Structures are given as structure tokens and as C-alpha cells.
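One structure is given below, encoded as C-alpha cells.
A, B, ... follow the sequence lines: proteins, then strands. Residue 1 opens every chain. Note that this is a predicted model, so its numbers are computed, not measured.
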Amino acid sequence: MTRESQDQSNTYDDEVLNLDPNFKYEITKQTGGEKLLRCLQCGTCAGICPVFEVDERYDPQKIIKMALNGMRKELLSSELIWMCSTCYACNEYCPQDVMVADLMCAIQNIATRYGYPAPALEDKIQILKYHARTLPLDNFDNKKRLKLKLPSIEEKPQDITQIIENTGIERILENALTPVTNEIAGAVSEDRR
Amino acid sequence: MKYASFLGCTLPSRAHNYEASARLVGNKFGIELVDIFDFNCCGLPLKSAHFETYLAIAADNLAIAEAKGLPLVVFCNGCFGALSEANEHLKHNAKDRKMVNELLKPLGKEFNQGVKIIHFSRVLYEDVGIQRIKEEIVRDLKGIRIAPHYGCHYFRPGEVHENDENPKNPTSLDMLIEVTGATSISYEDMLQCCASPVLGTSEKIAVRIGKKKLDHIKAAGADLMVIHCPLCSIMYDQYQPTIEKQFNVEYKIPVLYYTQLLGLAMDFDPTELGLKKNKVKVNDLLAKIENIS
Amino acid sequence: MLNDKGVEEEIKPDVKIGVYVCSCNGSFEKSIDIEPIIDHVRNFPDVVKVEHYKHLCEEEELEQIKEDIKNEIVDRVVVAGCTPSTHEDIMGNILEEAGLNRYLYEHANIREQCSWVHSDMDAATEKAMSIIAMAIAKSRLSEPLIGTEIEIKPNALVIGGGIAGMQVSLDLAQNGFKSYLVEREPELGGRTYGLNTTYPTSNCGICCMHDCKNCKLTPKIEEFYNNPNIEVLTNSEVSKIDGHIGNYAAEVRNKIGDLKKLYVGTIIISTGSKTFDPNKLPEYGYENEDVVTILELEKLHNFRRPSDGKVPETVNFILCVGSRSEKSGNPHCSLVCCNFAIGQAREIKELYPNTNVYVHYMDIRAAYQGFEEFYAEARDMGINFVRGRVAKVEKIGDKLMVRAKDMDMGILLKIKSDLVVLAVGQEPVEGTGQLAKMLNQELDIEGFIKNINPQYRSFEDNGIYSAGCVLGPKGIRHSIEDAKNAAMNAGNLLRKGRIRLSPIKSRVVDANCDGCAYCIDPCLYNALTLIEYNRSGAIKKTVERNEGKCRGCGVCAATCPKKGIYVSHYRPEQISAMIDAALEVA
């Protein structure tokens with residue numbers, strides 16, 4: 001959706017944009033992206049989308065079209081993919097059962113692997129890893145809880161720390177900073193980046 | 001009626017009013033909430049970054065509930081959706097089930113059959129039942145006009161929730177509201193999202209979405225809005241003054257958790273129901289309720 | 001071979017087999033090595049001639065086979081090549097033209113069953129060799145067969161009295177054949193009869209089936225009641241059908257319970273389709289009075305709103321309601337709704353030029369002569385065509401809010417509308433499946449009667465034809481075309497008076513049959529009955545086969561543990577020889 005590389009031109013040149021015909025298959029292999037190719041481009045997803053309603057730059061139907069066109073870098077680097085409110089209205093109303101919200105999640109996962117993570121993802125991971133919750137709990141919170149006769153809660157992050165260390169999510173973030181060969185995308189797409 | 005109680009992230013620190021009111025009304029109906037302090041975040045915050053990590057964190061919680069042999073009661077729509085989806089996904093996807101179980105094994109946990117996951121409002125609706133709730137209503141809220149906000153993950157996507165809610169036309173919250181004697185009103189785009197998840201990436205977009213709903217509710221002439229999710233509360237209660245200021249409008253629409261509303265109809269003390277913690281002031285509303293009959 | 005006493009007799013065939021391998025214009029040679037096969041087959045016993053042709057479809061090469069037969073070089077023919085579905089009949093005719101019984105022909109399919117599906121040349125060549133060896137083994141034991149001739153009752157049963165069924169009866173009547181037209185509803189004409197206007201011709205629905213030059217602007221249903229060749233049975237349903245081509249017995253029951261038995265030579269199914277129920281899509285707000293289907297719009301007086309009778313200022317048409325949707329409707333395109341909705345939009349615009357008319361579409365399917373021009377004119381009239389499927393219709397006050405993306409603009413439209421019209425698609429009507437089962441008709445994946453591409457040669461004719469929307473969604477014109485086609489096929493059958501059945505039928509070997517009746521239930525065509533007769537003073541149980549009903553499918557032979565029933569042309573010893581041949585090569 002950013003068009004700096006296009007010199008104000010409306011032409012999407014395969015050479016300049018590195019259209020990647022395999023991008024769509026990369027998405028269909030990612031959980032949630034399986035039904036991408038069923039899209040009829042009818043626009044129902046955008047029609048029902050609360051985000052599109054207030055800002056037409058976020059257009060799920062257009063995002064799907066970009067994915068189908070193979071506009072890999074443009075899509076993965078776009079901040080717009082993070083505007084999805086995950087309300088699942090598109091999933092529910094899509095006549096082709098493309099599972100658009102899940103598809104968006106698949107694209108976000110791929111973007112994260114390629115060094116375009118969600119804003120503040122690293123902080124979020126650290127808080128979860130060491131506090132077990134996105135909002136840390138301290139004595140002050142427990143005092144307030146007590147006032148409403150709520151039991152006090154202690155942070156127990158040992159298990160979640162291990163899980164986060166073992167799933168490799170942190171390594172994905174570290175490695176993505178320097179381009180690595182990715183197990184799914186293969187070398188061709190990697191070279192084009 | 002015994003449930004493993006899953007609080008998630010937001011409830012313990014930001015929604016004491018919800019938790020307190022739920023415990024109060026639940027107690028009255030014999031809902032036994034077993035506090036399990038080993039529960040962590042549901043995993044949703046990492047779903048968009050790394051699906052496998054999300055699954056593993058969700059499965060960690062699900063495995064704890066499974067070992068306890070209790071249905072899992074959830075208060076937050078976000079947690080409800082995330083846990084339900086992971087539960088369904090892991091039940092049907094052997095490869096990912098193996099993947100998470102390898103991660104859970106060193107922690108002495110295992111995801112096998114999955115668990116029954118139920119939202120607290122569905123506990124009231126299904127397990128307690130409208131009839132039983134009616135018996136405990138001592139203060140008829142007749143004449144109070146309430147705009148229900150279901151919150152997306154309470155009913156969408158339809159496939160992951162094991163209940164009879166129609167994902168294009170849910171009705172349970174309306175029925176829960178009407179049993180108090182109040183009127184559940186419909187308004188434009190009633191099933192639209194609160195957009196709290198967008199606050200982190202674009203506050204500008206999120207509040208514009210939040211504003212739309214407040215506009216529709218105001219146009220419909222509601223006395224208050226009823227929600228049952230702490231994330232929806234962030235947008236409509238916490239952010240309401242911000243939206244009013246930013247767009248130079250006035251709403252002053254009280255936003256109550258359903259359990260707070262029910263608590264009022266059951267004549268619990270407003271302070272015990274945590275109503276002082278609601279950001280949008282509820283004094284006028286309480287006075288109006290006081291004047292009924 | 002099993003003789004009449006059921007005893008195995010070794011037969012020593014004295015046959016001259018010609019094997020003709022066709023490589024389909026050389027296309028098989030990518031995956032099959034033909035030459036080694038030719039060399040190998042040449043040594044087979046009784047094979048007197050082996051030839052490799054590049055295109056056996058060609059007259060010259062077929063002539064060569066004919067010559068070989070006429071010159072008595074060969075008296076059995078095996079062709080290895082494409083599929084028997086397309087070529088078995090053609091080759092059978094060649095044999096007959098050369099004076100040989102057509103059942104002395106064997107077909108080895110090395111295309112669909114080998115060359116097209118394998119890439120390993122060695123393995124494919126070996127498999128092709130097996131397939132050919134099996135055909136040769138079967139051919140060696142094949143015998144001339146001739147089918148029984150039966151009489152065709154000179155009348156027809158037409159099930160369903162909509163536009164298609166009416167046209168079938170009318171065409172049959174014009175050709176002098178009597179038909180019984182059975183209709184479930186009290187009136188003939190079906191959905192078409194309710195239509196005031198059809199497009200792009202703008203004439204009434206029922207007229208379409210007549211020559212418009214003579215149209216006196218009246219529906220001509222009376223004609224059916226007065227036509228001596230058409231007996232109309234309204235308020236009636238077919239409850240039972242028995243019999244076979246040329247001789248079907250049908251029971252027709254009317255609403256008051258009267259039973260009528262009909263004996264006919266052929267049956268035409270024209271039970272139609274139904275329109276999609278928009279209640280299945282709650283997002284389109286069909287529960288509101290001012291949301292109507294295209295069929296309901298027809299009935300609205302001057303297109304005024306149902307709720308208050310006002311002239312609508314804004315009308316939104318939504319296309320593809322229940323069509324082109326995997327999730328909440330049918331995957332197919334219903335073909336007629338675009339054009340019908342455009343016609344209605346034009347009428348509204350003509351009547352009320354100030355009314356704002358929107359048509360929300362995914363793709364406009366105006367693919368027929370005159371339809372594109374009709375659509376272009378609609379745009380000229382100022383109708384707004386908006387690309388994008390409507391997401392939601394919501395009642396706000398006394399208006400309906402239509403929410404849709406305008407895909408060409410990339411913006412969200414929220415249009416306050418007075419009237420919303422849903423262009424509902426078509427889907428199979430209840431009972432189609434039951435009727436299909438009763439008549440042994442195949443259904444397609446969506447539950448319509450399977451519409452076999454007329455490009456392909458039809459399989460064995462069973463005297464049952466279908467026409468109209470029971471075969472899939474379509475408009476009046478195409479239903480009538482279907483009907484004319486079905487009436488022609490049925491008429492051709494009736495005109496013959498007598499036909500010869502296929503000789504490929506099951507045969508009971510009374511000596512082996514002990515009347516265990518295992519074969520009776522599995523028979524899909526109810527062709528078998530258990531009977532008893534007196535044999536030398538004792539009661540002997542056996543099975544009787546109805547030659548007309550039997551389709552020679554072989555299920556009975558596969559079920560029988562005692563060699564008590566087999567299918568001619570596929571005798572057990574032929575099958576055994578084929579298996580042996582397959583194992584030998586392997």
C-alpha cells in the first residue's frame with residue numbers, strides 16, 4: 001500500500017515490485033490462511049468491517065487481492081495489517097468461508113517472521129514471560145482487590161517463561177532482524193526481499 | 001455448579017468491579033468458582049505474532065482445567081474466544097496437539113480431550129437459567145432502557161463456540177437484560193466491535209470506531225450500556241471521556257457489566273458491586289432506579 | 001463355460017483376434033512404449049493380426065479394420081486406445097457394417113486408465129500390456145449376442161406441469177403422442193405462470209412458450225385442458241413407478257386420495273426448482289416488510305412499498321442472494337437473476353424516473369444474445385450499478401440501511417433505502433431426490449438431476465428424460481429448449497414402437513440357483529424376483545429376472561455364491577480369463 005517505489009506511477013511493475021507468485025501458497029500453508037484462494041473478491045468483508053468503515057486504507061478485500069497478486073513485501077511491511085480488530089465479522093459474513101480474520105492472522109504471523117512485527121511486540125513478550133500476564137500484578141493491585149473482598153493473586157510465571165523460551169518466538173524476532181532462510185518461504189522469495 | 005475460574009490479564013488488575021459483582025451474584029445462584037492461581041494469560045496477545053506460541057500458552061491453561069476435571073468459566077470475551085478457538089483447534093489438529101504437548105510435557109501437563117469452556121454470562125443463561133434468575137429479582141428495573149453490547153468473541157466466530165447462539169443474531173444478553181424488567185433496545189450496528197484491540201496500534205482509528213457505537217446508542221435513547229467484557233469496558237467506559245473531549249460531544253452513558261446490572265436488580269449494595277470503579281458516573285442512573293415504583 | 005445344466009465345460013475357441021493399438025495421435029507415446037507391446041501381443045494365441053495406428057478415429061484406418069473383417073482375416077476385434085464411453089459404440093457400428101456381431105468387440109482403455117494418469121514409462125507400459133492382455137483374454141471367449149425386442153407403449157408421463165413440462169406435453173401432442181401431465185399444485189404453469197413480465201423481451205411468462213405473432217395476450221393454459229392428446233392431472237403426485245423403458249406403470253394420487261394407474265412408454269421429469277429462502281441470510285433483513293424477493297416485487301402494485309404504499313425514493317437490488325456462496329447458500333450461479341433484476345430495475349426507473357435505483361452486483365452475468373444490450377440500456381437510463389456484495393441491511397427508523405462496499409471506489413456505502421429487493425437464486429426442490437431414486441436417476445453434487453453434457457454420447461437409454469430447472473437453475477427460454485429436446489428424445493422413442501434391448505443382461509442358471517435370494521435386495525433396479533415352480537413333483541425355488549428392468553450391472557453376479565446368476569458378455573469364465581491374463585503379464 002505504500003507506493004514510494006512507484007514514483008507516483010499507478011503501474012505495478014512486476015520487476016520493480018517483486019511480485020511473488022508463490023506468496024499466496026506461503027499464506028495457504030500458514031494456519032488460518034488455508035482458504036485464501038477461495039476468495040471471489042466480492043467485498044463483503046470490507047462492507048462489514050468496522051475498521052474499513054472509519055478508515056478505508058484498511059481494506060480486507062484489498063489486502064486479500066494484494067496477497068493473491070503476490071505483493072509480498074508491500075503487504076508484509078505495511079502497518080495496515082496490524083489494524084485488524086479481530087472482530088471476526090468478516091469470517092462470519094464471507095459467503096465463500098475464506099475465514100478472513102484468520103487469514104489476516106496468518107499474514108501477521110508471516111510478517112513477524114520476516115522482520116515486520118507488530119508494534120511493541122518485544123515488550124509484550126517480555127512482560128508475558130516474566131509476569132505471566134500482559135498487565136503485571138503487584139501488592140498495590142492486591143490491596144485494591146482486597147477492598148472488594150477479592151482474593152489476592154500472585155504472579156506465577158515459571159511455566160509461561162519456559163513455554164516462551166521453547167516455542168522459539170524470541171529467536172524468530174532476533175533472527176528476523178538479519179534475513180534468514182525461512183522454512184516456509186524458500187530461497188526465491190528470500191532473495192527478492 | 002462448579003467451575004474453574006479463569007480471570008486472564010485484565011480482570012485481576014483493571015476490572016475489579018466485574019469480578020466482584022460476578023462473584024456476588026454467582027454466589028447467590030450457587031455458582032461455585034474454584035480459583036486456580038496457576039492460570040496465566042490466555043495467549044491471545046501473541047496469536048498474531050506466532051500462532052504456535054499462542055496455542056501453547058492457551059493449551060497450558062486448558063491442560064490445567066482438564067486435569068481438574070472442571071468446566072472453565074471465562075469472564076473476558078477475548079480470553080473466551082482465544083481459549084475456545086485453541087480448544088477446538090487442538091481437538092481437531094493432531095499435529096499441533098503433538099507440538100503443544102511436547103512443550104507441556106516438561107511442565108507436567110497435557111492437552112487430551114480439551115475442556116468445556118463457558119462465558120460467565122452463558123453460565124447465568126444456560127446453567128442457572130432465566131427462570132431461576134427471575135426468582136431472585138427483587139428490584140424491577142421497569143422503564144430502564146438498556147443498550148446491550150455483546151462483544152465480538154462472545155459469539156463469533158460461530159464455529160468455535162459450543163452453544164446455540166446465532167452468530168448473526170445473538171439473543172442471550174438481551175434475554176438476560178430483560179429478566180431484570182428493563183428494556184433491551186436495539187440500535188444501529190449493534191453487533192459491531194468495540195475496537196479495543198486496535199487501541200495499541202492506532203488509537204485514532206480505534207476511538208473513531210468506539211465513537212460510532214456511542215453515537216448509535218445515544219441516538220437510540222439508552223439509559224445505559226451493558227457489556228460483559230473488560231476489553232469492551234476499556235473502550236466504552238475508560239475511553240468515553242476521551243472520546244467526548246476529542247470529538248467535542250457529550251454522551252455520559254453509564255457502562256455497566258451485566259453482573260453489576262443484575263446485582264442492582266437483586267438489590268446488592270452498589271459499592272459492593274464496584275460501581276464506584278466505573279469511570280462514567282452512575283449516580284443519575286442509580287437515582288433513576290431508586291425512583292422506580 | 002457353464003452349460004444349461006450348470007456344468008463347467010472347457011471350450012476351445014476357434015477364433016481369429018485382431019488387435020489394433022491406437023496411440024491417440026502419438027500422445028500416449030510420452031508415457032507408454034507402444035512397440036514392445038505390439039511385439040509382445042503378436043505371440044498371443046489366436047491373435048492373428050496386430051497393428052499400431054496413430055489415429056484410429058480416422059475413416060481410412062477404420063476402413064482397414066472393416067476390410068480385415070470382410071476378408072475374414074479376423075473375426076474378433078480388440079482396440080486399445082481411448083475410452084469406451086466415447087468409442088465403444090462407434091466401433092460396434094464398424095463391426096456391424098462389416099457384418100460381424102457388435103459384441104465380438106473388446107475395448108482396452110490405455111488412455112484414461114493408463115497413459116493419462118502415469119508418468120513412469122516402464123510401469124505404464126507394463127500396465128498397458130496387462131490391460132490389453134485382459135481384453136484379448138476376454139475377446140477369445142466372447143460370443144455373438146442379440147437383444148430382445150420389446151414394445152413401446154405409445155404415450156408419455158410428464159411429471160411437473162411448469163413451463164418445461166407443459167412444453168414437453170405440447171410438443172408430444174403436436175407429434176401425435178398422448179401424455180399425462182401430472183402437477184402437484186392446483187394450477188399449471190409453475191413459477192413462470194406467476195410472472196407478469198420476463199426479460200429482455202418484456203412479455204408475460206406464460207406467453208413465452210407460444211409463437212408471439214399469434215399471441216392474443218391471454219395465457220393459454222386452457223389449450224392444455226382442451227387438447228385431446230394431453231390429460232392434465234393437477235393436485236396430483238406420482239406415488240409409485242414400476243417397469244422399464246417402453247412399459248412403465250405409474251400410480252398417481254390426487255389430494256383427495258383418488259388413485260390412478262397409468263401405463264406409459266416414457267417418462268419426462270420436469271419438477272423444477274425452488275427459490276432460495278432469504279431467511280437463511282439474516283443479515284439481509286428479510287423479516288422487514290420492505291425487504292422483498294424479486295418474485296414478491298412482481299406482485300407489488302406499481303412497485304410501491306409494502307409497509308405504507310409509498311412510491312419508493314430509493315430502491316436497492318441485491319444480486320446473488322443464496323448463489324455463488326460456499327458458506328451460506330449454493331455455490332452455483334443461478335443464471336437468470338441478474339437479467340431479471342435488471343429488468344425490474346428498468347421498470348421502476350421507467351415508472352418513477354426520480355427514484356434512485358441501485359443494483360449491487362459481484363459480476364453481471366449478461367451472457368446471452370440481447371442481454372448485454374439490455375444491461376447497457378439500464379445503465380443509460382441512470383440505474384446505479386455498484387460492484388460489491390452487500391454486507392448488511394438494517395432497519396433504521398422507517399428506512400432500510402444498505403451497507404456495502406463500492407469496490408470500484410474502495411469506499412463504504414451506507415444507503416438509506418425505501419425498498420430492498422433480493423435477487424434470490426434457485427436450488428433443488430424438495431422431493432427431487434426421492435423421485436430420482438424411484439426412477440434410478442443420478443443426482444449432481446447439489447441435488448439437481450444430473451445434467452449430462454449432450455456433447456457426450458448418452459449411455460443406455462432407459463426412456464426417462466429430464467427438462468427444465470430440475471436439471472439446474474435456468475430461465476424460461478432455456479427450460480423450453482430443454483423441454484423441446486426431451487420431447488424430441490421421447491418422441492423418437494415412441495415413434496419406433498418397438499426397440500431392441502441391450503443383450504448385456506443378467507442370466508439365471510436355474511440348475512445352480514437354490515433360491516437363497518441373496519441377489520434380490522442388492523439389485524438397484526428391482527429386476528429380480530424369487531419364484532417357485534414345480535419340478536418333477538418337488539417345489540423348486542429360483543430367481544426370475546425382468547429383462548426390461550435389468551441393466552446388466554452385475555451386482556447380482558457378484559453377490560451370488562453359487563454361480564447361479566451371471567451377466568452375459570461378462571461371463572465368469574471371461575472374468576477369470578481376464579484375471580489370469582493380468583496375473584500372467586505381471
Does any backbone or side-chain atom of [X] lie under 4.5 Å from a heavy atom of chain B? Answer side chain, backbone, both or neither.
{"X": "A/L148", "answer": "both"}
{"X": "A/I160", "answer": "both"}
{"X": "A/P117", "answer": "neither"}
{"X": "A/K147", "answer": "neither"}

With a 4.5 angstrom heavy-atom cut-off, is it the side chain or the backbone of [X] that approaches chain A, or both, or neither?
{"X": "B/S196", "answer": "neither"}
{"X": "B/Q192", "answer": "side chain"}
{"X": "B/D189", "answer": "side chain"}
{"X": "B/K204", "answer": "neither"}
{"X": "B/L44", "answer": "neither"}
{"X": "B/L7", "answer": "side chain"}

Tell me, please, whether B/F37 has A/K156 positioned over its six-membered ring: NZ or CZ under 6.0 Å from the ring centre and within 45 degrees of its axis?
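Relative to the ring axis of B/F37, which defines the angle, A/K156 lies outside at least one limit.
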Only one of A/I125, A/T134, A/L121, A/I127 passes side chain to side chain contact (heavy atoms under 4.5 Å, CB included) with B/P45; say which it is.
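When A/I125, A/T134, A/L121, A/I127 are each tested with B/P45, the side chain to side chain contact (heavy atoms under 4.5 Å, CB included) holds only for A/T134.
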Taking 4.0 angstrom as the limit, do B/R208 and A/E53 come out as a salt bridge?
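No, no charged N to carboxylate O under 4.0 Å.
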Identify whether the distance between the nearest side-chain nitrogen and carboxylate oxygen of B/K109 and A/D159 falls below 4.0 Å.
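Answer for the salt bridge query: yes.
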Provide the closest heavy-atom pair for [X] versus [Y] in the form atom of the first, atom of the second, distance.
{"X": "B/T10", "Y": "A/L135", "value": "CA-CD1, 3.8 Å"}
{"X": "B/R156", "Y": "A/C87", "value": "NE-O, 2.9 Å"}
{"X": "B/S13", "Y": "A/L137", "value": "CB-CD2, 3.9 Å"}
{"X": "A/Q162", "Y": "B/P106", "value": "OE1-CB, 4.2 Å"}
{"X": "B/P197", "Y": "A/T86", "value": "CG-OG1, 4.2 Å"}
{"X": "B/T201", "Y": "A/W82", "value": "OG1-O, 3.2 Å"}

Between [atom1] of [X] and [atom2] of [Y], what distance do you get to the nearest 0.5 Å?
{"X": "B/F51", "Y": "A/D102", "atom1": "CZ", "atom2": "CG", "answer": "7.5 Å"}
{"X": "B/D35", "Y": "A/I153", "atom1": "CG", "atom2": "CD1", "answer": "7.5 Å"}
{"X": "B/I57", "Y": "A/I164", "atom1": "CD1", "atom2": "CD1", "answer": "4.5 Å"}
{"X": "B/T53", "Y": "A/E165", "atom1": "OG1", "atom2": "CD", "answer": "12.0 Å"}
{"X": "A/D141", "Y": "B/H16", "atom1": "CG", "atom2": "NE2", "answer": "5.5 Å"}
{"X": "A/E170", "Y": "B/H50", "atom1": "CD", "atom2": "NE2", "answer": "11.5 Å"}

At a heavy-atom distance under 4.5 Å, which candidate from A/N91, A/D55, A/D138, A/L150 has the highest pair count against chain B?
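Heavy-atom pair counts peak at A/L150.
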Could you check which of A/A111, A/A89, A/A120, A/P119 has the highest count of heavy-atom pairs closer than 4.5 Å to chain B?
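Heavy-atom pairs under 4.5 Å are most numerous for A/A89.
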In terms of heavy-atom pairs under 4.5 Å, which option from [options] contacts chain A the most?
{"options": "B/M99, B/R14, B/K168", "answer": "B/K168"}
{"options": "B/E272, B/K47, B/K211", "answer": "B/K47"}
{"options": "B/A195, B/P167, B/S202", "answer": "B/P167"}
{"options": "B/K277, B/K213, B/H153", "answer": "B/H153"}
{"options": "B/E52, B/E102, B/H89, B/R23", "answer": "B/R23"}
{"options": "B/G8, B/A49, B/A56", "answer": "B/A49"}

Judged by atom type as modelled, is there a donor-acceptor pair below 3.5 Å linking the side chain of [X] to the main-chain atoms of [Y]?
{"X": "A/N109", "Y": "B/S48", "value": "yes"}
{"X": "A/N166", "Y": "B/L103", "value": "no"}
{"X": "A/E92", "Y": "B/G158", "value": "yes"}

Atom [atom1] of residue position [X] - does it have more than 12 heavy atoms of other residues, nucleotides or ligands inside 6.0 Å?
{"X": "A/K144", "atom1": "NZ", "value": "yes"}
{"X": "B/N166", "atom1": "CG", "value": "yes"}
{"X": "A/K24", "atom1": "NZ", "value": "yes"}

When you look at B/L46 and A/T167, which way does the side-chain contact (heavy atoms from CB on, under 4.5 Å) test go after all the steps?
CA-CA 12 Å; B/L46 297 184; A/T167 58; over 6 Å; no
Set of ring-ring contact (aromatic ring centres under 6.0 Å, His included) partners for B/H161, sequence neighbours left out:
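Partners of B/H161 by the ring-ring contact (aromatic ring centres under 6.0 Å, His included) criterion, ordered by chain and then number, come out as B/F80.
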No-hydrogen, no-angle side-chain donor-acceptor test under 3.5 Å, A/Y88 and B/E159:
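No, B/E159 and A/Y88 have no side-chain donor paired with an acceptor closer than 3.5 Å.
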